[in-house]
Amino acid sequence: INKYLSKKKIQKVINCAGIIDFDKCERNFKQILKINYQLPKFLSKMSIKYNFRFIHISTDHVYNGNKKKIHSENDKVFGINKYAKSKILAEKAVRLNKKNLIIRTNFTGRKKNKKISFLDSVILNLKKKHKISLFNDMYTSTIDVKTCATLIVKLILLNASGIYNIGSKDVISKQDFIINFAKRMKKKLNFDSVSSDVLKVKRGKNLGMNVTKIENKLNIKMPTSKKVINNLVKEYI
């Protein structure tokens with residue numbers, strides 16, 4: 001990468017690489033740090049050396065809490081698990097260059113490769129009429145991936161820097177999100193309502209994000225969870 005950057009006049013670099021397997025992060029923290037921390041740290045240093053703008057995709061998992069509070073970019077972050085810790089370390093490294101942009105987000109959508117997303121697995125279970133478990137105590141501001149990507153580009157074109165939350169305007173539980181999605185897909189949903197405490201790796205239950213900052217920057221209104229679900233339904237249909 002260093003050799004490539006030294007030969008090319010690069011203006012912007014977007015880092016979308018990341019290991020998001022929570023169990024893998026817990027089992028082999030040193031190994032996942034190579035991608036989740038050392039890579040963005042290296043790119044941040046290169047952004048200073050070669051004078052390009054670095055855009056780093058982070059996560060809403062740096063937030064925490066158990067109430068439906070929405071978190072602003074200035075709120076305290078928490079390393080509740082090793083995945084979150086790796087992303088917090090990365091953010092600190094990226095922020096060494098004040099021109100860099102960090103995106104905290106939670107997105108979902110249809111995957112084009114062999115791997116399936118959470119929503120892909122929900123669709124498969126709906127088609128097969130399998131019972132699934134839905135978390136009734138984990139709250140997010142999930143956004144569809146196409147809208148997320150569009151907004152990231154807009155921030156880049158405006159030379160935005162610092163940290164920005166990108167998510168839906170409201171906060172909704174994982175359970176209610178899927179219930180509403182299934183209704184819009186006109187599919188019968190068979191599910192168990194469970195706590196996220198059943199997961200082996202502890203996770204923050206309140207990941208809701210305040211999106212006022214990006215609304216003001218782009219002079220827009222962020223989509224509600226209802227709009228996000230409608231966008232996803234159109235994508236799958």
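For Leu157, the side chain to side chain contact (heavy atoms under 4.5 Å, CB included) partners are Val153, not counting sequence neighbours. Partners of Asn210 by side chain to side chain contact (heavy atoms under 4.5 Å, CB included), not counting sequence neighbours, listed by chain and number: Ile70, Ser72, Thr212. By the ring-ring contact (aromatic ring centres under 6.0 Å, His included) test, Phe52 pairs with no residue at all, sequence neighbours left out. By the side chain to side chain contact (heavy atoms under 4.5 Å, CB included) test, Lys217 pairs with Leu155, Leu158, Ala160, Tyr164, sequence neighbours left out. Qualifying side chain to side chain contact (heavy atoms under 4.5 Å, CB included) partners for Lys92, counting only residues two or more places apart in sequence or in other chains: Ile88. For Thr147, the side chain to side chain donor-acceptor pair (under 3.5 Å) partners two or more places apart in sequence, or in a different chain, are Asp144.
A 4.5 Å side-chain heavy-atom check between Val228 and Phe177 finds at least one atom pair inside the cut-off. Here the side chains of Asp23 and Val201 are in contact, with some heavy-atom distance below 4.5 Å. Side-chain contact between Asn136 and Ser173 is absent, with no heavy-atom pair separated by less than 4.5 Å. Under the 4.5 Å side-chain criterion, counting only non-hydrogen atoms from C-beta, Tyr83 is in contact with Thr59. Put simply, the side chain of Met185 reaches to within 4.5 Å of the side chain of Ile123, judged on heavy atoms.
With rounding to the nearest 0.5 angstrom, the CG atom of Asn97 is 14.5 Å from the NZ atom of Lys49. Here the OH atom belonging to Tyr139 is positioned 10.0 Å from the OG atom belonging to Ser196, to the nearest 0.5 angstrom. From Ile237, atom CD1 reaches atom NZ of Lys186 across 8.0 Å, with rounding to the nearest 0.5 Å. Taking OH from Tyr37 and NZ from Lys85, the interatomic distance works out to 14.5 Å, rounded to the nearest 0.5 Å. A distance of 4.5 Å separates OH of Tyr4 from CD1 of Ile10, quoted to the nearest 0.5 Å. Summarising the geometry, atom OG belonging to Ser47 is positioned 11.5 Å from atom CG belonging to Asn15; distances are rounded to the nearest 0.5 Å.
Residues in residues 150-162 take part in no salt bridge (Lys or Arg N to Asp or Glu O under 4.0 Å) pair, two or more places apart or across chains. For residues 161-179, the salt bridge (Lys or Arg N to Asp or Glu O under 4.0 Å) pairs, not counting sequence neighbours, are Lys169-Glu215. For the salt bridge (Lys or Arg N to Asp or Glu O under 4.0 Å) condition, the pairs that include at least one residue of residues 194-204, sequence neighbours left out, are Asp197-Lys205.
Distance alone, capped at 3.5 Å, is enough to place a donor-acceptor pair between the Lys213 side chain and the Ile163 backbone. With hydrogens and angles disregarded, a donor-acceptor distance shorter than 3.5 Å links the side chain of Asp120 to the backbone of Ser117. Checked by atom type and distance alone, the side chain of Asn206 pairs as donor or acceptor with a backbone atom of Gly208 at under 3.5 Å. Of the possible donor and acceptor atoms, none in the side chain of Asp192 sits under 3.5 Å from a partner among the backbone N and O of Val194.
The two residues Ser161 and Arg53 come nearest to each other via the heavy atoms N-NH2, 4.4 Å. Minimum heavy-atom separation, Ala84 to Gly79: CB-CA, 4.0 Å. Shortest non-hydrogen contact noted between Ile220 and Met222 is CD1-SD, 3.8 Å. When all heavy atoms of Ile143 and Pro223 are compared, the closest pair comes out as CD1-CG, 4.1 Å. Residues Gln175 and Ser193 approach most closely at OE1-OG, 2.5 Å, considering heavy atoms. When every heavy atom of Asp137 is checked against every heavy atom of Ser195, the shortest pair comes out as OD2-OG, 2.6 Å.
Residues Leu39 and Ile20 do not share a hydrophobic cluster, clusters being chains of Ile/Leu/Val/Met/Phe/Trp/Tyr side chains in contact below 4.5 Å. Hydrophobic cluster membership is shared by Val145 and Val233, with clusters built from Ile, Leu, Val, Met, Phe, Trp and Tyr side chains linked at under 4.5 angstrom.
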Between Leu119 and Ile178, is a side chain to side chain contact (heavy atoms under 4.5 Å, CB included) present by the stated rule, with each step listed?
-> CA-CA 9 Å; Leu119 210 56; Ile178 297 303; 3.9 Å; yes
Let me see the working for Tyr50 and Val13 under side chain to side chain contact (heavy atoms under 4.5 Å, CB included), right down to the final yes or no.
-> CA-CA 11 Å; Tyr50 296 115; Val13 173; over 6 Å; no
Full working for side chain to side chain contact (heavy atoms under 4.5 Å, CB included) between Phe42 and Asn2 | CA-CA 9 Å; Phe42 168 77; Asn2 187 19; 4.0 Å; yes
Check: residues 25-35 side-chain donor-acceptor pairs under 3.5 Å, at least two apart:
residue : atom : partner : partner atom : Å
Glu26   : OE2  : Lys82   : N            : 2.8
Asn28   : OD1  : Gln31   : N            : 3.3

Which side-chain N or O atoms in residues 99-107 pair as donor and acceptor under 3.5 Å with protein atoms at least two apart or in another chain?
residue : atom : partner : partner atom : Å
Asn100  : OD1  : Phe54   : N            : 3.2
Asn100  : ND2  : Ser44   : OG           : 3.4
Asn100  : ND2  : Val94   : O            : 2.9
Arg104  : NE   : Glu91   : OE1          : 3.3
Arg104  : NE   : Glu91   : OE2          : 3.0
Arg104  : NH1  : Tyr63   : OH           : 2.9
Arg104  : NH1  : Glu73   : O            : 3.3
Arg104  : NH2  : Glu91   : OE1          : 2.6
Thr105  : OG1  : Ile166  : O            : 2.8
Asn106  : OD1  : Thr142  : OG1          : 3.2
Asn106  : ND2  : Asp60   : OD2          : 2.9

Residues 125-132, side-chain donor-acceptor partners within the protein, below 3.5 Å, at least two apart:
residue : atom : partner : partner atom : Å
Asn125  : ND2  : Ser121  : O            : 2.9

